[in-house]
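Have a look at the structure below, then the notes.
Residues: numbered from 1 along the sequence shown. As the structure is a prediction and not an experimental result, all values here were calculated from the model.
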Amino acid sequence: QDQELKVVSVCRLLKLKNIDKAIMALEQAGIKYTYTIYGTGPEELALRELVLKQGARERVFLAGSIENERLKTILREYDLFIMVSFPETLGRVYFEAMASGVPVVAARNTGIDKMIEDRVSGFLVNHTSVRQISGAIMYFSQLDQKEKESMQNKAQEVARQHSWPVVLKKYRALYVQTTQNASR
């Protein structure tokens, strides 16, 4: 497709976030894209060097820190969120992206794994595989507008199912059930 894919990551720039693999995967995908990375950290210099080495200076932007208050508004400007962090317990930013209607590319066998349905509400990949990350990006970029909107809606539904009011209601019901069983 001719349309430019707008990709984003928001994280502390640590080796375990695998941002380097996302950069390489985007280049490997052979599509028109821009990739904005919000965050700072010890991997920043290595990532800047990788961007230069990949010849991606016109497409990959290390944008520094972002205030949490601005995150919701900014995420809506993007098509796809990538963070194939491993090991990751359960980063809130995945839900922030999905709540903004932005499907995510995440690592298998992490906290977000069972919440995303692969190729329905997002993508699950092997965090060490540039090829799999690239495949998810290419798959998404080739969807027609209706299919992209369906995935965006499914991502928002996942976020709604894991919102604080829903989770608190489930915990309360579990607590009531547990206390009733204990008193029998």
Side-chain angles (χ1 to χ4, degrees), residues 1 3-12 16-19 21-22 25-26 29 31-39 63 66-127 129 132-178:
Q1 292 205 351
Q3 195 170 3
E4 182 178 89
L5 187 67
K6 293 178 72 179
V7 182
V8 65
S9 291
V10 180
C11 62
R12 182 110 168 88
L16 66 89
K17 300 295 183 177
N18 294 307
I19 299 299
K21 290 178 181 65
L26 280 157
I31 60 167
K32 286 184 183 179
Y33 76 90
T34 59
Y35 181 30
T36 305
I37 304 159
Y38 291 98
I66 180 174
E67 304 83 38
N68 281 343
E69 306 80 52
R70 293 186 50 225
L71 190 58
K72 185 173 159 180
T73 305
I74 286 175
L75 284 171
R76 290 188 180 129
E77 298 173 13
Y78 294 92
D79 303 309
L80 193 62
F81 178 90
I82 297 180
M83 191 166 72
V84 290
S85 182
F86 189 89
E88 184 76 53
T89 51
L90 188 60
R92 186 180 71 207
V93 72
Y94 294 112
F95 294 106
E96 291 168 333
M98 290 187 289
S100 298
V102 183
V104 302
V105 179
R108 291 192 182 285
N109 302 314
T110 59
I112 196 71
D113 185 319
K114 299 298 182 239
M115 297 174 195
I116 294 173
E117 189 176 348
D118 192 34
R119 295 185 178 204
V120 175
S121 57
F123 299 91
L124 295 167
V125 297
N126 177 329
H127 68 281
S129 175
Q132 280 189 25
I133 300 165
S134 182
I137 294 163
M138 288 187 299
Y139 181 91
F140 184 79
S141 72
Q142 293 168 359
L143 294 176
D144 65 32
Q145 193 56 38
K146 187 177 176 185
E147 292 168 319
K148 283 180 182 172
E149 287 172 10
S150 174
M151 186 173 273
Q152 291 163 343
N153 292 335
K154 298 279 188 187
Q156 285 181 313
E157 181 56 34
V158 169
R160 275 192 295 276
Q161 290 170 2
H162 296 90
S163 67
W164 278 118
V166 173
V167 169
L168 290 174
K169 188 175 181 180
K170 289 177 184 178
Y171 271 120
R172 187 176 190 293
L174 182 62
Y175 175 78
V176 168
Q177 180 186 10
T178 303

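Within the cation-pi definition used here (under 6.0 Å to the ring centroid, within 45° of the axis), Lys6 does not qualify as a partner of Tyr33.
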Side chain to side chain contact (heavy atoms under 4.5 Å, CB included) evaluation trace for Leu80 with Val105: CA-CA 8 Å; Leu80 193 62; Val105 179; 4.0 Å; yes
Steps toward side chain to side chain contact (heavy atoms under 4.5 Å, CB included) verdict (Val7, Phe81): CA-CA 6 Å; Val7 182; Phe81 178 90; over 6 Å; no
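The structure places CG of Leu143 at 12.5 Å from CE of Met138, a figure rounded to the nearest 0.5 Å. Glu157 contributes atom CD, which lies 11.0 Å from atom CE of Met98 (distance to the nearest 0.5 angstrom). Summarising the geometry, atom CD belonging to Gln156 is positioned 6.0 Å from atom CZ belonging to Arg160; distances are rounded to the nearest 0.5 Å. Atom CD of Glu147 is separated from atom CZ of Phe140 by 10.5 Å, given to the nearest 0.5 angstrom. Separation of atoms CZ (Arg108) and CG (Asn126) is listed at 8.5 Å; rounding is to 0.5 Å. Within the model, atoms NZ of Lys21 and OG of Ser129 stand 10.0 Å from one another, a figure rounded to the nearest 0.5 Å.
Side-chain contact check for Leu90 versus Phe95: some heavy-atom pair is nearer than 4.5 Å. Side-chain contact between Leu5 and Ile137 is present, with heavy atoms from C-beta onward closer than 4.5 Å. Between Ile19 and Tyr35, some side-chain heavy-atom pair lies under the 4.5 Å cut-off.
Closest heavy-atom contact between Ala25 and Ser134: O-OG, 3.2 Å. The heavy-atom pair separating Leu75 from Val102 by the smallest distance is O-CG2, 3.2 Å. Scanning both residues, Phe86 and Thr110, for their nearest heavy atoms gives CD1-CG2, 3.5 Å. Of all non-hydrogen atoms in Cys11 and Met83, the two that sit nearest each other are CB-SD, 3.4 Å. Summarising the geometry of Pro87 relative to Leu16, their closest heavy-atom pair is O-CD1, 4.1 Å, with the distance given to 0.1 Å. Of all heavy-atom pairs spanning Val84 and Ala106, the tightest one is CG1-C, 4.0 Å.
Legend: residues meeting side-chain contact (heavy atoms from CB on, under 4.5 Å) with Ser150, ordered by chain and number and at least two apart, are Lys154. Scanning for side-chain contact (heavy atoms from CB on, under 4.5 Å) contacts around Gln152 gives Pro103, Glu149, with sequence neighbours left out. Taking Glu69 as the reference, Glu67 meet the side-chain contact (heavy atoms from CB on, under 4.5 Å) condition, with sequence neighbours excluded.
Screening residues 89-98 for salt bridge (charged side-chain N to carboxylate O under 4.0 Å, His left out), with sequence neighbours left out, gives Arg92-Glu96. Residue pairs meeting the side-chain hydrogen bond (donor to acceptor under 3.5 Å, both in side chains) criterion with at least one partner in residues 74-85, sequence neighbours excluded, are Thr36-Tyr78, Tyr38-Tyr78, Ser85-Glu88.
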Mind listing the side-chain donor-acceptor pairs of residues 111-121 below 3.5 Å, one per line with the distance, residues two or more places apart or on another chain?
residue, atom, partner, partner atom, Å
Asp113, OD2, Asn109, N, 2.6
Asp118, OD1, Leu124, N, 2.9
Ser121, OG, Glu117, N, 3.0

